[in-house]
Amino acid sequence: MYQVEIIHYQQPLPVLMKPQQGPYSGIAAAFADLRTLMQQHAAGPQTVRAFGQYLDDPAMVAPQALRSAACLTPPPALSLAAARVVAG
């Protein structure tokens, strides 16, 4: 089992988030989609922080119904004004 760490921030931390439903191992694809979006719309080096949100207990919820979200902090030079949002 993974060690859980809870961190409390004094200020809100903006993130880009992509929800994912299904087995928790599928969150890697959501992170890859966010990284691709940032590569297309950010100038210069991209130093980001990654967070995963796992919203259900896999012992209580069927794998196909598990909910999670991939989150990345946006780099300062990110411009999504021209990005097209596609619901998946």
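All residue numbers refer to positions in the sequence shown, counting from 1.
Every pair passing side chain to side chain donor-acceptor pair (under 3.5 Å) that includes a residue from residues 20-31 is listed here, sequence neighbours excluded: Q20-S68.
Taking both residues in full, the closest heavy atoms of L34 and A70 are given as CD1-O, 3.3 Å, listed atom of the first, atom of the second, then distance. Contact between V48 and T73 at its shortest, heavy atoms only, is CG1-O, 3.0 Å.
Side chain of D56 to main chain of R67: a donor-acceptor pair is present (N/O by atom type, distance under 3.5 Å, no hydrogens or angles).
From R35, atom CZ reaches atom CG of L16 across 12.0 Å, with rounding to the nearest 0.5 Å.
Linking Ile, Leu, Val, Met, Phe, Trp and Tyr residues whenever their side-chain heavy atoms come within less than 4.5 Å places Y54 and V61 in a single cluster.
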